[in-house]
S.K.: 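Pasting a structure below so you can have a look.
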Amino acid sequence: MNKKLLRIILAAILLAGAWLVERYAGLATWQVLLVYLVPYLLIGYDVLGEAVEGIMEGDPFDEDFLMALATIGALLIGFLPGAETQFPEAVFVMLFFQVGELFEDYAEDKARDSISELMDIRPDVAYVERNGEVKEVNPEEVSVGETVIIKPGEKIPLDGTVLEGASSLNTVALTGESLPRDVAKGDDVISGCVNLSGVLKVKVTKAFNDSTASKIIQLVENASENKSKSESLIRRFARVYTPIVVIAALALAIIPPFFYDSYATAFSTWLYRALTFLVVSCPCALVISIPLTFFAGIGGASHKGILIKGGNHMDALAKLSTVVFDKTGTLTHGSFEVEAVHPDTIDKKELLHLAAHVERFSTHPIAVALRNAYPNEADSCVVTDTKEIAGQGITAVINGKTVSVGNDKMMATLGIKPHACKLCAHHTGTTVHVAIDGQYAGHILIADQLKDDARKAIEQLKRLGVQRTVMLTGDREEAARQVAEQTGVTEYHAELLPADKVSHVERLLKDKQTDTSLAFVGDGINDAPVLARADVGIAMGALGSDAAIEAADIVLMDDKPSKIALAIHLSRRTIFIAKENAWFAIGIKVAVLLLATFGFANMGWAVFADVGVMVLAVLNAMRAR
């Protein structure tokens with residue numbers, strides 16, 4: 001960009017010098033042309049080269065061809081009988097075209113800022129433990145299963161699980177969230193986060209190219225491959241529009257002089273109008289500003305933790321009428337928590353205490369929930385003879401007492417029939433029963449927890465005009481009904497297999513209006529088929545599976561369903577700005593074309609209608625960031 005700016009400044013100085021030579025040196029017309037060719041070729045050699053290249057490749061009709069044709073014609077028009085020279089105008093048109101290109105380059109650089117910041121999330125080094133030593137290596141050289149050390153202030157180089165240490169992580173580059181996330185032993189961490197406090201030892205679970213940071217960068221870099229419908233339409237429009245303009249300009253130059261007494265005298269006048277017509281009609285404002293608007297919109301969204309894989313998905317987002325949600329991991333956290341403790345023969349604390357000890361070594365989500373509810377396991381209790389009974393639960397001997405923790409089947413095996421719990425009538429979840437030495441001791445209710453912003457997300461979608469919100473889940477009817485009531489979704493369907501979800505989405509796609517779109521929001525591997533089938537697939541990126549993220553069109557990096565409304569808002573705003581640019585450019589061009597046809601607009605008007613409009617459109621496009 002600095003090189004182009006230097007060329008523009010130098011060409012402007014040479015143009016001023018050429019004007020002074022023309023005014024005071026008294027040279028012949030052909031000599032004046034040679035003087036003006038110096039700044040013209042300096043500022044326009046690349047445009048002329050692109051025009052020649054297009055002609056050689058059999059695809060000449062683009063903005064470079066129009067600019068070359070119009071400016072060369074303006075340079076030569078002064079040699080026609082009775083015509084005035086237009087040398088300064090020719091150089092001015094090329095000069096201001098390059099100024100417009102400079103603004104485009106600057107705008108693209110600014111639009112890339114949001115994306116280039118993502119490149120910083122991928123660290124250059126990793127400190128890996130090998131043979132008792134810590135070595136500084138390239139993250140690409142670290143294998144799955146190795147241990148890396150991350151000190152405070154360093155970026156996490158690869159995805160993994162914390163083996164030792166506790167810290168807070170800055171996830172703003174990935175999720176847009178400023179609140180640090182606390183991690184400790186056993187927690188998963190993702191590459192790109194910044195370690196804020198303690199030293200962490202992390203066991204690597206994904207290779208460098210499969211890590212979260214690398215995948216995010218790949219998604220954003222590849223987003224431009226998926227052109228929006230508006231963007232593709234502009235490109236197709238320019239290919240048809242340009243030859244029509246060239247033919248119209250030729251007709252404007254050749255036909256009207258036949259109606260004058262002197263064809264030669266009239267031809268120079270109408271040729272000048274035709275050249276002005278060519279400059280005005282150059283479609284660069286449309287061809288440049290529309291794609292740039294979408295590029296800026298994608299960059300701005302990525303800075304807020306919303307990765308949109310292409311402008312075409314913005315089109316679909318803006319027209320959403322139906323949003324279909326998975327439940328677990330999407331509207332709910334997908335992790336169990338103890339919701340209620342109902343003891344029968346012992347107190348609440350002791351019931352949780354025994355259940356947590358029995359489940360001490362289990363990795364089942366229910367066991368994790370019980371241990372989290374009673375984290376103080378380091379006491380004097382002696383736990384022996386732990387046995388897991390598939391499909392029922394776990395038994396263990398604690399301080400000489402046999403404690404059984406499990407479901408209804410386990411209680412039936414023990415000959416125990418738990419009584420109906422009136423307190424559980426208003427709760428849905430998994431009931432875990434506890435028996436001591438064959439005697440019923442009570443039960444614990446464990447349930448998935450609703451995300452804090454789940455209800456807010458549904459409310460925001462309805463305010464944005466989304467007519468139908470649907471929840472599809474493989475969970476039980478009771479759990480699905482409770483989540484539906486809590487969030488306010490308009491309909492729900494429970495106990496579904498992945499194929500059933502696809503069938504429901506197929507039905508909903510048929511039901512929606514033709515000019516609207518449907519989005520599916522999910523996070524699991526089983527959601528990948530339906531994410532791919534929907535008009536817009538939205539995946540939860542922080543906790544979502546790789547398959548879901550790969551199949552989705554949009555990834556929410558902080559797993560917040562309320563970000564869907566923000567994505568819709570950003571898409572609609574981006575498309576509105578693109579339409580603003582289109583109508584503004586077309587309106588100005590049509591007005592100046594009419595003036596040029598009847599001789600009321602000179603090359604100065606043409607420069608404004610082409611380059612001026614392009615600069616204004618590019619600046620407007622940057623609002624999409």
S.K.: Provide the closest heavy-atom pair for Leu518 versus Leu320 in the form atom of the first, atom of the second, distance.
M.R.: C-CD2, 3.8 Å

S.K.: Could you give the distance from CG (Leu570) to CG (Leu317), rounded to the nearest 0.5 Å?
M.R.: 9.5 Å

S.K.: State which residues pass side chain to side chain contact (heavy atoms under 4.5 Å, CB included) with Gln460; sequence neighbours excluded, sorted by chain then number.
M.R.: Lys456, Arg463, Ser562, Ala565

S.K.: Can you tell me if Lys512 uses its side chain to pair, donor with acceptor, with the backbone of Thr516 under 3.5 Å?
M.R.: yes

S.K.: CG/Asn581 to OG1/Thr293 distance, rounded to the nearest 0.5 angstrom?
M.R.: 4.5 Å

S.K.: Do Phe325 and Thr473 come close enough that some side-chain heavy atom pair is under 4.5 Å?
M.R.: no

S.K.: Please check this pair: side chain of Lys304 against backbone of Leu566, looking for a donor-acceptor N/O pair closer than 3.5 Å.
M.R.: no

S.K.: Would you find more than 12 non-hydrogen atoms of other residues, nucleotides or ligands less than 6.0 Å from Lys203 atom NZ?
M.R.: no

S.K.: Quick check: does any side chain N or O of Asn195 sit under 3.5 Å from a backbone N or O of Ile150, one acting as donor and the other as acceptor?
M.R.: yes

S.K.: Is there a donor-acceptor contact under 3.5 Å from the side chain of Thr332 to the main chain of Lys327?
M.R.: yes

S.K.: Could you check if a side-chain atom of Gln482 sits within less than 4.5 angstrom of a side-chain atom of Leu450, using non-hydrogen atoms only?
M.R.: no

S.K.: Main chain of Ala316, side chain of Ser517: is a donor-acceptor contact present, judged purely on distance under 3.5 Å?
M.R.: yes

S.K.: Listed by chain and number, what are the side-chain hydrogen bond (donor to acceptor under 3.5 Å, both in side chains) partners of Asp452, not counting sequence neighbours?
M.R.: none

S.K.: State, yes or no, whether a side-chain contact exists between Lys451 and Asp559 at a heavy-atom distance under 4.5 Å.
M.R.: yes

S.K.: May I ask you to say whether Asp326 pairs ionically with Lys501, meaning some side-chain N is under 4.0 Å from a carboxylate O?
M.R.: yes

S.K.: Is any side-chain heavy atom of Pro561 closer than 4.5 Å to a side-chain heavy atom of Thr330?
M.R.: no

S.K.: Return the minimal non-hydrogen interatomic distance between Pro157 and Ser191, and the atom names on each side.
M.R.: O-CB, 3.5 Å

S.K.: For the pair His493 and Asp500, evaluate side-chain contact (heavy atoms from CB on, under 4.5 Å) and give the outcome as yes or no after the intermediate values.
M.R.: CA-CA 10 Å; His493 303 275; Asp500 299 326; over 6 Å; no

S.K.: Give the minimum heavy-atom separation between Gly299 and Ser302, together with the two atoms involved.
M.R.: O-OG, 2.7 Å

S.K.: Any donor and acceptor pair, going by atom type alone, linking the side chain of Arg572 with main-chain N or O of Leu464 inside 3.5 Å?
M.R.: yes

S.K.: Report yes if the side chains of Asp315 and Ile575 come closer than 4.5 Å at any heavy-atom pair, otherwise no.
M.R.: yes

S.K.: Say you draw a straight line from CG of Asp453 to CD of Glu459; how long is it, rounded to the nearest 0.5 Å?
M.R.: 11.0 Å

S.K.: Rounded to the nearest 0.5 Å, what's the gap from CG on Leu158 to CG on Asn209? Could you check?
M.R.: 10.0 Å

S.K.: Counting N and O atoms only, with roles assigned by atom type, does the side chain of Thr490 sit under 3.5 Å from a partner on the main chain of Thr469, one being a donor and the other an acceptor?
M.R.: yes

S.K.: Got Ile554 and Leu556 here, is their nearest side-chain heavy-atom distance under 4.5 Å?
M.R.: yes

S.K.: Can you tell me how far the CD1 atom of Ile308 sits from the CD1 atom of Ile298, to the nearest 0.5 Å?
M.R.: 6.5 Å

S.K.: Identify whether the distance between the nearest side-chain nitrogen and carboxylate oxygen of Asp535 and Lys319 falls below 4.0 Å.
M.R.: no

S.K.: Tell me, please, which residues at least two apart from Ala166 pass side chain to side chain contact (heavy atoms under 4.5 Å, CB included).
M.R.: Ala184

S.K.: Before giving the answer on side-chain contact (heavy atoms from CB on, under 4.5 Å), spell out for Val142 and Phe208 the whole-Å C-alpha distance, their side-chain angles and the decisive distance to 0.1 Å.
M.R.: CA-CA 7 Å; Val142 180; Phe208 180 75; over 6 Å; no

S.K.: Can you tell if the side chain of Arg573 reaches within under 4.5 Å of the side chain of Arg623, non-hydrogen atoms only?
M.R.: yes

S.K.: Pick one: which of Val470, Leu509, Ile538 meets side chain to side chain contact (heavy atoms under 4.5 Å, CB included) with Val324?
M.R.: Val470

S.K.: Ignoring hydrogens, what is the shortest heavy-atom contact between Arg455 and Glu485? Give both atom names and the distance.
M.R.: NH1-O, 3.6 Å

S.K.: From Thr487 OG1 over to Met471 CE, what is the distance, rounded to the nearest 0.5 angstrom?
M.R.: 6.0 Å

S.K.: Of the non-hydrogen atoms in Ala207 and Val144, which two are nearest, and what is the gap between them?
M.R.: N-CG2, 3.6 Å

S.K.: Assess the residue pair Leu169 and Leu200 against the criterion (side-chain contact (heavy atoms from CB on, under 4.5 Å)); give the C-alpha distance rounded to whole Å, side-chain angles, the decisive distance to 0.1 Å, and a yes or no.
M.R.: CA-CA 11 Å; Leu169 304 182; Leu200 295 176; 4.2 Å; yes

